[in-house]
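Residues take their numbers from the sequence shown, with the count starting at 1. Whatever order the structure lists them in is the order used to number ligands and atoms, beginning at 1.
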Amino acid sequence: MATLTTEDIDAVCGLVDELCGICWDESKAYLIESRLQKIVQQESCENYRDLVRKVRAEVAPGLKPQFIDAVTTNETLWFRDSSPFDALQFKLVPELIDSKAGTPFPKRLRIWSAACSTGQEVYSIGITLAETIPDYLNWDIQILGTDISPAAVEQASYGAYGKLEMTRGMKTDLLNKYFVEQGNQWRICDEIRSLCRFQECNLHKPFGHLGHFDVIFCRNVAIYFDDADRRSLFERAAEILAPNGWVIVGSSESLAQLGPQWHPQQHCRANCYHPNMPANNLVASR
Ligand SMILES: C[S@@+](CC[C@H](N)C(=O)[O-])C[C@H]1O[C@@H](n2cnc3c(N)ncnc32)[C@H](O)[C@@H]1O
């Protein structure tokens with residue numbers, strides 16, 4: 001097997017940045033080997049630069065998606081960090097419902113999970129809405145899950161999970177209420193699945209066509225981007241956020257450095273952002 005040289009690392013990091021906007025450097029040599037070695041062998045590449053050349057040239061139809069699947073980190077779990085789902089249930093959804101009363105679409109809710117990985121975040125949102133709104137099936141609710149990884153989107157869309165995945169954050173009562181056992185997997189029930197849509201989306205490309213959203217979950221993905229890309233991502237997200245919409249990021253992430261409209265608000269211990277609310281500028285500049 002070819003050993004990894006500095007030129008290989010530079011070539012792989014360049015392609016990872018080009019395709020996914022993910023910042024890798026020489027400190028990720030172990031990741032390059034562990035994630036790409038199999039594809040290097042499968043494609044009979046002379047070395048990692050040869051793999052980069054083949055992916056760029058798209059010598060085989062599935063090679064680029066396979067490369068993207070391999071370099072992305074799809075770590076996720078049910079109700080990750082719990083507090084964003086508490087904030088959704090006890091603060092964001094009740095406020096959104098109040099603000100929509102008297103509008104032409106009082107029962108419409110649009111939520112985007114912008115890097116949904118294998119779908120746990122999307123279905124956790126769906127279950128939270130079902131637990132919050134008793135007649136949720138009579139509402140016009142759409143939860144859009146997108147991710148750059150085709151394999152992750154495929155699993156998310158199918159909505160079935162093995163025993164190990166189900167032990168990571170899913171409570172037994174919710175498992176029994178919202179999942180159907182199929183062989184050695186649990187599949188999300190039709191009611192929750194019917195609220196959800198999935199598609200591939202690279203957050204570095206324009207996403208205005210996805211529509212407008214009341215809440216955008218963009219968690220644990222911008223940590224892989226450089227500062228300029230992170231700023232661009234959230235500024236573009238604010239453009240497709242409803243005037244009183246919310247952005248939620250990961251527990252270790254902060255958007256405060258992006259400007260006064262990104263003044264964090266703590267609700268149920270979750271950092272929530274209300275970037276399009278004029279009052280935010282006042283709060284931040286006081
Ligand atoms: C660590 S997971 C986070 C999943 C979920 N949001 C959570 O917090 O549990 C990061 C996800 O970001 C996706 N990702 C990485 N780069 C991306 C990009 N440029 N556009 C869209 N998704 C991307 C990965 O494929 C991966 O599924």
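- Contact residues for ligand 1 (protein heavy atom closer than 4.0 angstrom to any ligand atom): Cys20, Ile22, Thr72, Thr73, Asn74, Glu75, Thr76, Arg80, Ala115, Ser117, Glu121, Asp147, Ile148, Ser149, Cys201, Asn202, Leu203, His204, Arg219, Asn220, Val221, Tyr224, Phe225.
- Residue pairs that meet the salt bridge (charged side-chain N to carboxylate O under 4.0 Å, His left out) test with at least one member in residues 101-118, sequence neighbours left out, are Lys107-Asp135, Arg108-Asp140, Arg110-Asp140.
- Annotation: Tyr273 is not in aromatic contact with Phe217 [ring centroid separation under 6.0 Å not met].
- Between Trp24 and Phe225, the distance from one ring center to the other does not fall under 6.0 angstrom.
- Between the side chain of Thr132 and the main chain of Thr128, a donor-acceptor pair closer than 3.5 Å is present.
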Between Glu181 and Arg187, does a salt bridge (Lys or Arg N to Asp or Glu O under 4.0 Å) hold up when you go through it step by step? CA-CA 6 Å; Glu181 203 168 345; Arg187 193 164 183 189; over 6 Å; no
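- Donor-acceptor pairing under 3.5 Å is recorded for the side chains of Glu165 and Gln155.
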